[in-house]
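The block underneath contains the structure these notes are about, expressed in structure tokens.
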Amino acid sequence: MSVRRKGPRATIVRIFTYLCLVSVAVIVVFPFVVAFATSTKNSQDIFNYPPTLIPKEPQTVDPAEVAFPDIDADEPLPLYAFPDSDTRFALVDNDVSVAEFRPLDDVDRIIRLDVTSGEKTGEVVIIDGAEEDVFVIEVDGINIEAYRSRLTSGGQFVSLDDPTDVRVELVNVVEPLQQFGPRLENFEEVLIDKELGRSLTNTVLVTIAVVSGQILTSILGGYAFARIKFKGSGSLFLLYLGSVMVPFVVLIIPLFQLMLQVGWLDNLSALIIPFMFSAYGTFLMRQFFISIPIEIEEAALLDNASRWKILWRIMVPLARPAIATLATFGFLYAWNSFFWPLVIINSGNPDGRVLSLALSTLGGRSSTDLNLVFAGAMIAMTPPILVFLFAQRYFVENSASSGLK
């Protein structure tokens, strides 16, 4: 029976505990949120400042829906907003010549007009020791004397409400209008255009085969070591368990030579067969089978049940927590395996690559398209997360109580 403390102090402690847990949860989940948000953005939205988690896309207008004079455009036109106007402007040409004028009475002010704007007055003015021609320009119906400081390239903008309101300005000065727009096509592009789909299929095949093999061999080996007594079983189990202490890097060269002799070089069989047997899985299943009361097995023997029937009809259903744990660990190992596939699979064979190798290649080829890289990372992260969420409830089950039910 649990006793729940009451009072102001206990309430403060609980609030503080919940705040700490929520803070840690936010810190843990935040990188996944950023990765998912980045995977649904377009290339330009990634580098926008300040950065945002919500994916956005530029607002556009169909030229056929707006009667722009002397404008022939087939693609949608991006929309922009000027600070001194409440209307939206469409960028109809992003490569026009722009002249920057500075009024003589306010040289810090910059007025950008079409390069053909302004008329020379014949007078000159000295600016920073250099002679500059004086122009008369018209701004908001007022004539202003100014000098032309430079010529540059900019964009031509036309108001949606008044097609006669045409302005020229630097494109990076005007604020682009954006709207919520997740680009889910990134996942399709990664799977098809970047050829990640074949690698994903290979990884799923290898993972299913490895996990299935580990579960089968570990159940058989674990039950044999736990319940079947034979001469030298203890020494054999210690020898078998001792193989876990051997680092994998020590086994790479002899394992590679073995794969070369049997003709499995650059073959998915080299990623499956050697890893269908797990000393750790056998140890895990043995320890779980030992914890199950032997009285259950003796009762089944009295009912004339065979060893095979006892194993698959009684022991295996009771061992679901251990099997789920073994399957999760085996899944994560097979799914994230990188070094051994890098050694055994030829880099020039894209049809034999697994997901880890494909992601490494994608990170190099698409280093500027971070949205595609993150889309590939999300594809790789989703299955392990789902497997863990599905199997986590088995981790907390008590094996002894499960056997006595």
Side-chain angles (χ1 to χ4, degrees), residues 41-52 54-104 106-121 127 132-183 185-186 189 368-372:
K41 292 183 177 181
N42 56 58
S43 300
Q44 297 179 349
D45 191 22
I46 295 177
F47 300 101
N48 283 343
Y49 185 85
T52 60
I54 301 176
K56 296 181 180 180
E57 63 179 2
Q59 291 187 22
T60 58
V61 62
D62 189 352
E65 299 178 358
V66 184
F68 289 153
D70 302 330
I71 295 177
D72 184 14
D74 298 329
E75 298 181 356
L77 302 175
L79 298 179
Y80 290 78
F82 281 81
D84 59 344
S85 177
D86 296 333
T87 64
R88 296 177 299 171
F89 286 78
L91 176 63
V92 297
D93 191 353
N94 60 358
D95 188 18
V96 297
S97 297
V98 178
E100 290 189 353
F101 294 94
R102 295 177 180 264
L104 298 182
D106 186 6
V107 295
D108 294 330
R109 180 186 176 188
I110 299 177
I111 301 175
R112 297 184 180 92
L113 301 174
D114 186 83
V115 70
T116 59
S117 302
E119 295 182 2
K120 291 184 179 181
T121 63
I127 302 295
E132 300 287 350
D133 294 324
V134 178
F135 290 80
V136 174
I137 58 176
E138 182 178 350
V139 180
D140 297 332
I142 302 176
N143 292 331
I144 300 177
E145 290 188 344
Y147 73 94
R148 189 168 62 189
S149 58
R150 69 164 182 163
L151 297 177
T152 185
S153 178
Q156 183 180 11
F157 302 85
V158 179
S159 172
L160 297 185
D161 299 333
D162 184 9
T164 61
D165 186 1
V166 180
R167 304 185 184 186
V168 292
E169 184 59 272
L170 302 183
V171 178
N172 58 356
V173 172
V174 190
E175 179 184 1
L177 296 179
Q178 295 181 325
Q179 61 186 1
F180 175 74
R183 192 175 185 274
E185 295 83 359
N186 291 339
E189 182 176 352
T368 56
D369 298 327
L370 295 181
N371 53 341
L372 301 182

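Side chains are part of it too, since the values below use all heavy atoms of this structure and drop only hydrogens, waters and symmetry mates. All of these numbers come straight from a predicted model, not from anything done at the bench.
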Heavy-atom side-chain contact between Leu91 and Phe157 under 4.5 Å: yes
Other residues, nucleotides, ligands: >12 heavy atoms within 6.0 Å of Ile127 CD1: yes
Polar side-chain atom of Gln59 near backbone of Gln178 as donor-acceptor pair, under 3.5 Å: yes
Full working for side-chain hydrogen bond (donor to acceptor under 3.5 Å, both in side chains) between Ser159 and Asp161: CA-CA 5 Å; Ser159 172; Asp161 299 333; 4.9 Å; no
More than 12 heavy atoms of other groups within 6.0 Å of Glu175 CD: no
Residues forming a salt bridge (Lys or Arg N to Asp or Glu O under 4.0 Å) with Arg183, sequence neighbours excluded: Glu189
Closest heavy-atom pair and its distance - Ile111, Pro103: CD1-CG, 3.8 Å
Shortest non-hydrogen contact from Ala90 toward Val61: CB-CG1, 4.1 Å
Set of residues satisfying salt bridge (Lys or Arg N to Asp or Glu O under 4.0 Å) with respect to Arg112, sequence neighbours excluded: Glu100, Glu169
Over all atoms of both residues, closest heavy-atom pair of Ser153 and Asp95: OG-OD1, 3.0 Å
CD (Glu119) with more than 12 external heavy atoms under 6.0 Å: no
Shortest non-hydrogen contact between Leu151 and Ala99, atoms and distance: CD2-CB, 3.7 Å
Minimum heavy-atom distance between Arg148 and Val115, given as atom pair plus value: NH1-O, 4.1 Å
Thr87 and Leu160: CA distance, side-chain angles, deciding distance, side chain to side chain contact (heavy atoms under 4.5 Å, CB included) verdict: CA-CA 7 Å; Thr87 64; Leu160 297 185; over 6 Å; no
Under 3.5 Å donor-acceptor, Asp162 side chain and Thr164 backbone: yes
Which residues share a salt bridge (Lys or Arg N to Asp or Glu O under 4.0 Å) with Glu132, sequence neighbours left out: none
Verdict with reasoning, Glu57 to Asp45, per side chain to side chain contact (heavy atoms under 4.5 Å, CB included): CA-CA 7 Å; Glu57 63 179 2; Asp45 191 22; over 6 Å; no
Gly118 versus Ile137, closest heavy-atom pair with distance: CA-CG2, 3.8 Å
Straight-line distance of Asp133 CG to Thr121 OG1, nearest 0.5 Å: 8.0 Å
